Amino acid sequence: MRSSRLYTLICSALAAALMCVAAQLSIQLGPIPLTLQLLAALLLPFLLRPFGVAAAMGIYILAGLAGLPVFASGGGGIGYVLKPSFGFVLGMAAFAVLCSVLHGKLLSKNLSGWKTAAVRGVIMLLTVLGTYAVGVLYMFLILNLTGTEVTFSYCLAYGVLPFILPDVIKCAIALAIVTLLRPALEKAHLI
């Protein structure tokens, strides 16, 4: 039991490190940067159990809020909660955990081949949509509370529209990685 917990914590720490690296690969598009964070977050629900995903995302967020430059473009510190993009980090974390739980429940159904891939694809899209929902709402609230009056449509235009195609591509890449990697990890009894 103890070695299983240690293994989970090590995997969670590695997943948090992956999130940190993925966040640094960014291009600024208005108030929200385009990063590979979402790609990393899309992988986690399929490679870790819910506790591992929650631990990884918690480590990542706490490290950033503690001041380590792990958020997009080297951001960090408690002041990061006032950035319009922080809601996307929160949404990504929450929906990665939720989708890990959902994936675990669906695995018990013993789906085959293409059905498993289809379910995983839908779960990934749910993660993206959930991230958008939380992120846009947070962006709207933060910008308006900090003195920049914006409309909800402004937040959709700058927080979602430029990211739809790149995020669909990230879903396809994540699905391909999971489809190839998960069977090998299962065979080795690593997940």
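Quick caveat: nothing in here was measured; it's all calculated off a predicted structure. Both backbone and side-chain heavy atoms feed into the values below; hydrogens, waters and symmetry mates do not. Just so you know, residue 1 is the first one in the sequence shown, and it goes up from there.
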Quiz item: Which is it for Leu102 and Leu98 under the side chain to side chain contact (heavy atoms under 4.5 Å, CB included) test, yes or no, and what are the steps along the way?
Solution: CA-CA 6 Å; Leu102 185 58; Leu98 176 68; 5.7 Å; no
Quiz item: Taking it one step at a time, do Tyr132 and Ile164 satisfy side chain to side chain contact (heavy atoms under 4.5 Å, CB included)?
Solution: CA-CA 10 Å; Tyr132 287 166; Ile164 292 174; 4.1 Å; yes
Self-check item: Cys171 vs Leu42, side chain to side chain contact (heavy atoms under 4.5 Å, CB included): CA-CA, chis, key distance, verdict
Solution: CA-CA 7 Å; Cys171 284; Leu42 289 170; 3.8 Å; yes
Quiz item: Would Gln37 and Tyr60 count as a side chain to side chain contact (heavy atoms under 4.5 Å, CB included) if you check the C-alpha gap in whole Å, the side-chain angles of each, and the deciding distance to 0.1 Å?
Solution: CA-CA 11 Å; Gln37 255 177 317; Tyr60 170 68; 2.4 Å; yes
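Annotation: the span from Cys155 atom SG to Leu161 atom CG amounts to 11.5 Å, rounded to 0.5 Å. Annotation: the span from Leu90 atom CG to Leu137 atom CG amounts to 11.0 Å, rounded to 0.5 Å. The distance from the CZ atom of Phe163 to the CD1 atom of Ile32 is 6.5 Å, given to the nearest 0.5 Å.
The side-chain heavy atoms of Tyr80 and Ser85, taken from C-beta on, include a pair separated by under 4.5 Å. Between Tyr158 and Met139, the closest side-chain pair of non-hydrogen atoms falls below 4.5 Å. Using a 4.5 Å heavy-atom threshold, the side chains of Met92 and Leu38 count as touching. Residues Leu106 and Thr116 have side chains not in contact (no heavy-atom distance under 4.5 Å, counting atoms from C-beta outward).
In this structure Arg182 satisfies the salt bridge (Lys or Arg N to Asp or Glu O under 4.0 Å) test together with Glu186, sequence neighbours excluded. Phe140 pairs by the ring pair (Phe, Tyr, Trp, His ring centres under 6.0 Å) definition with Phe152, not counting sequence neighbours.
Listed for the Ser12 side chain is a donor-acceptor partner under 3.5 Å among the backbone atoms of Gly52. A donor-acceptor pair under 3.5 Å is formed between the side chain of Gln24 and the backbone N or O of Val70. Under the 3.5 Å distance criterion, the side-chain polar atoms of Ser100 are left unmatched by any main-chain donor or acceptor of Ala96.
The side chain to side chain donor-acceptor pair (under 3.5 Å) analysis of residues 140-149, with sequence neighbours excluded, yields no pairs.
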